[in-house]
Amino acid sequence: NMKVNLIHCIDDEIIPISLAQTAYDKFIANGDTNATITFTEIPSSALSQPVTSTHAQCGNMAYRKAIKWFMKIRSE
């Protein structure tokens with residue numbers, strides 16, 4: 001079973017969430033029945049305050065979420 005997790009910051013000022021949503025929608029539309037596609041949105045409220053750049057500050061949180069996700073998969 002293939003697993004894909006698109007992790008994106010909702011208020012990213014450089015890469016709009018709409019692009020991540022489009023990618024997710026295309027994965028689903030063209031998806032393999034053996035694939036599990038997840039879309040994880042990170043709200044700005046989860047970031048350290050004050051937020052000077054959502055894109056820059058969200059990267060660390062996105063990496064942490066990805067690591068936790070990979071660790072969960074490895075333990076299954």
Side-chain angles (χ1 to χ4, degrees):
N1 184 11
M2 179 181 73
K3 297 178 191 285
V4 175
N5 189 359
L6 298 172
I7 302 171
H8 196 82
C9 298
I10 293 173
D11 297 318
D12 190 318
E13 71 277 5
I14 295 177
I15 303 169
I17 188 103
S18 61
L19 291 178
Q21 183 66 54
T22 298
Y24 173 78
D25 292 344
K26 289 188 183 224
F27 267 111
I28 296 300
N30 298 315
D32 183 333
T33 56
N34 293 320
T36 302
I37 313 297
T38 306
F39 186 28
T40 302
E41 298 176 0
I42 300 173
S44 292
S45 61
L47 305 178
S48 299
Q49 300 299 325
V51 175
T52 56
S53 168
T54 302
H55 182 81
Q57 288 181 316
C58 193
N60 287 336
M61 180 166 288
Y63 289 131
R64 286 192 303 269
K65 286 191 175 287
I67 289 167
K68 286 181 183 177
W69 183 73
F70 281 117
M71 289 174 64
K72 180 182 172 202
I73 290 171
R74 290 184 75 191
S75 68
E76 293 177 351

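Note that the structure is predicted; figures quoted are calculated from it, not measured.
Interatomic distance, CE of Met71 versus CD1 of Ile67, reported as 8.5 Å (0.5 Å rounding). A distance of 10.0 Å separates CD1 in Ile42 from CG in Asp12, rounded to the nearest 0.5 Å.
At a threshold of 4.5 Å between non-hydrogen side-chain atoms, the residues His8 and Tyr24 do not count as touching. Contact check for Glu76 versus Lys3: side-chain heavy atoms found under the 4.5 Å cut-off. Residues Thr40 and Trp69 fail the side-chain proximity criterion, which asks for heavy atoms closer than 4.5 Å. Residues Ser44 and Ile10 are not in side-chain contact: their nearest non-hydrogen atoms beyond the backbone lie 4.5 Å or more apart.
Contact detail for Leu6 and Ala20: the closest heavy-atom pair is CD1-O, 4.1 Å. Residues Gln21 and Glu41 share a closest heavy-atom pair of OE1-OE2, 4.1 Å. Shown here for Cys9 and Thr54, the closest heavy-atom pair between the two residues is CB-CG2, 4.1 Å.
Linking ILVMFWY residues whenever their side-chain heavy atoms come closer than 4.5 Å, directly or via other members, places Leu19 and Ile14 in the same cluster. When the side chains of ILVMFWY residues are joined at heavy-atom separations under 4.5 Å, either directly or via intervening members, Phe39 and Ile28 end up in a single hydrophobic cluster.
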